Amino acid sequence: MRETEQKAARAYREQFGEEPALVASAPGRVNLIGEHTDYNGGFVLPCAIDRRIAVAVGAGEGALYSADFDQTRQIDEKDSSWADYPRGVAWAMGEAGHEIGGFRAAFAGDVPLGSGLSSSAAIEAATALALDAFFGLGVGRTDLAIICQRAENDYVGVGSGIMDQYASLLCEAGAALLVDCRSLEAESVPLDLQAASLALVVCDTRVERGLADTGYNDRRATCERAARMLGVEELRDATEGDLDLLSGAELKRARHVVSENARVLEAVEALRDWDFEEFGRLMYASHASLRDDYEVSTLELDTFVKAAEQHGARGARLTGAGFGGCAIALVPQDETAAFTNACEQAFAKSEFEEPAFYEFVPAAGAELAD
Ligand code: ADP
Ligand code: MG
C-alpha cells in the first residue's frame, strides 16, 4: 500500500474501530499541452502526478472523515466543505442509476489543494472507484469519470471540462493521456521521463487566480462567436485557412485554439518518436500562443518560462487556465536544483511572491490498494 492509502486505512480504523472493507486512491494531474482547447471540442494531453488522495471505505451510516482536515461530516447534508466532493460522487452515481447503499469513509491525501493540480478530481475519482468496487457496480472508468464531472459541475457547482477526471481515472504510470474532448476517446502516450533523464518541474506562482472567472467566460464566449462567424460547430472544426475570415479578438483567440490543437497532435507524435527537443519546442510555442494570442498569461508565468528558456529547460509553459496558477518545465534530471534556484532568483528580482516548486513523475491513475 502507498503511504496515503495506509494513512486513510489508519484513519478509518481510528475513527470507526474496525478494518475498512477496501482502500482506493487517485492522483492529481498536470496538463502537458492543450490549453483552452477542451471547451472548443479539441485535444488535451494531461498526465497523472505521483500525489494522491486515498479513501478507505466500509459499511456504515454515512460518516465521512478527513484526516487532513481532522473533520467528520455526514453524507446527507451539503455544506460547502471538502465533504461535498464525496457526497457529490454518491449523488451522481444515484443519478446515473447505480444503487448506492450506506457506507462510511475516511480520506487522506497529499495533492497540494487549490493549486490547480486537481485535488478535487483526485478525491472524486478515489471515491468513485471505491464505491464502484464496494457496491460491486462494475461501472467502466470513462463512465466513472463522467459521474465525477457531474459531481463537480452539478453538485459542488464548479464548471469544468472532463480532463481532470479523465486524467485521474485513466492515466497509466509512465504515460500521458491524449483526450479528444469531443468524442471523449482517450489514449495512452508513452512518457518515460526517467529513461529520458528528464524531470517534470511544476512552479506554483501562488498568484490568486483573481480574474480567472471573468477572463475564462470572456474567452469562451469569444470562441463561440468565432465559431459562429466561421459557420462551424466548434473551433475544433476550423482550419488555419479559415482564420483569414476573422479579425480582432476572434482572430487571436481562434488562432490559439487552431494552432494549439495542432500542437497537441504534434506533441503526441514527438513523444512516440522519443523526440523531447520537439516536444519542448511545442511547449514553448504553446506558451507564446497563450501569452500573445489568448492573453491569459501573467508576468509571473512569463518570468518562469523565460527563466526556464535561459536555464536549460527543454520546454516550459503555463498550465491550467492561466491568470495565475502553475507553470511546468521539462528539465534535465541532474539540473533541477540549479534550475529552481535560478527561477527563484528571477522571481525575487522582480519582487514577486516566492513560488513553490514540485517535481513529479507521470503516475498511475486511480487504483484499488491491495
Ligand atoms: P484543485 O482541484 O486545483 O486542487 P479545487 O478548489 O478544485 O482545487 O479543489 C480543492 C478542494 O478539494 C479543497 O478545498 C477540498 O475541499 C478538497 N480536497 C482536496 N484535497 C483534499 C483532502 N486531502 N482531503 C479532503 N478534501 C480535499
Ligand atoms: Mg479542482
Side-chain angles (χ1 to χ4, degrees), residues 2-12 15 23-31 35 38 44 46 48-57 63-75 77-90 92 104-128 130 145 148-169 171 202-210 212-213 216 318-328 356 358 360 366:
R2 299 177 172 93
E3 213 172 293
T4 46
E5 294 165 348
Q6 287 174 15
K7 204 169 153 201
R10 200 158 53 237
Y12 188 99
Q15 289 300 309
V23 178
S25 69
R29 62 94 190 95
V30 293
N31 191 21
E35 222 63 77
D38 56 345
V44 295
I49 58 177
D50 51 333
R51 297 286 193 97
R52 304 175 78 85
I53 296 182
V55 58
V57 170
L64 305 170
Y65 174 74
S66 161
D68 301 306
F69 290 88
D70 191 22
Q71 285 174 352
T72 303
R73 294 281 183 266
Q74 289 302 310
I75 188 82
E77 41 187 287
K78 187 172 188 305
D79 64 1
S80 301
S81 78
W82 59 270
D84 280 356
Y85 293 94
R87 283 178 187 129
V89 171
R104 58 190 179 189
F107 298 86
D110 61 5
V111 185
L113 70 179
S115 291
L117 298 169
S118 216
S119 64
S120 59
I123 190 170
E124 290 156 9
T127 305
C148 290
Q149 187 197 15
R150 177 105 204 262
E152 182 140 352
N153 292 172
D154 298 343
Y155 190 90
V156 180
V158 177
S160 66
I162 193 71
M163 172 173 69
D164 301 351
Q165 291 81 11
Y166 253 53
S168 193
L169 278 151
C171 277
V202 175
C203 171
D204 182 354
T205 61
R206 290 186 163 148
V207 176
E208 282 271 335
R209 300 184 38 236
D213 286 350
Y216 179 86
L318 72 82
T319 183
F323 306 103
C326 291
I328 55 173
Y358 305 100
F360 296 128

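No hydrogens, no waters, no symmetry mates; every other heavy atom, side chains included, goes into these values. Given the structure is predicted, the values throughout are model-derived calculations rather than measurements. Order of appearance sets the numbers: ligands from 1, and atoms from 1 within every ligand.
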query: Taking the inter-plane angle between the rings of Phe107 and Trp82 on a 0 to 90° scale, is it parallel (under 30°), tilted (30 to 60°) or perpendicular (over 60°)?
result: perpendicular
message: Give me the residue, atom name and distance of the protein heavy atom closest to atom 17 (C) of ligand 1.
response: Tyr85 CE1, 3.8 Å
query: Passes side-chain contact (heavy atoms from CB on, under 4.5 Å), Val23 versus Tyr12? Steps please.
result: CA-CA 10 Å; Val23 178; Tyr12 188 99; over 6 Å; no
query: Do the charged groups of Lys7 and Asp110 touch, with an N to O distance under 4.0 Å?
result: no
task: I would like to know whether Asp68 and Ser66 meet side-chain hydrogen bond (donor to acceptor under 3.5 Å, both in side chains); could you show each step before the answer?
output: CA-CA 5 Å; Asp68 301 306; Ser66 161; 4.8 Å; no
- line: Here the atoms of ligand 1 under 4.0 Å from any heavy atom belonging to Ile123 are 25 (C), 26 (N)
message: Can you report which non-hydrogen protein atom sits closest to atom 22 (C) of ligand 1, along with the distance?
response: Asp68 OD2, 3.7 Å
- line: Nearest non-hydrogen contact to atom 3 (O) of ligand 1 from the set Gly320, Gly325, Gly116 belongs to Gly116
- prompt: Hey, is ligand 1 close enough to Gly114 that some N/O pair sits below 3.5 Å?
  reply: yes
message: Heavy-atom contact check, 4.0 Å cutoff: does Val111 meet ligand 1?
response: no
query: What protein heavy atom sits nearest atom 9 (O) of ligand 1, and how far off is it?
result: Ser120 CB, 3.4 Å
statement: of all protein heavy atoms, closest to atom 15 (C) of ligand 1 is Trp82 CB, 3.8 Å
field: Location of contacts on Leu117 toward ligand 1, heavy atoms closer than 4.0 Å
entry: backbone
query: Of all the atoms in Ser120, is at least one N, O or S atom closer to the Mg ion (ligand 2) than 2.8 Å?
result: yes
Nearest-contact summary for atom 4 (O) of ligand 1 - protein heavy atom, Å: Ser119 OG, 2.6 Å
Atom 14 (O) of ligand 1 [closest protein heavy-atom partner, distance rounded to 0.1 Å]: Leu113 CD1, 4.3 Å
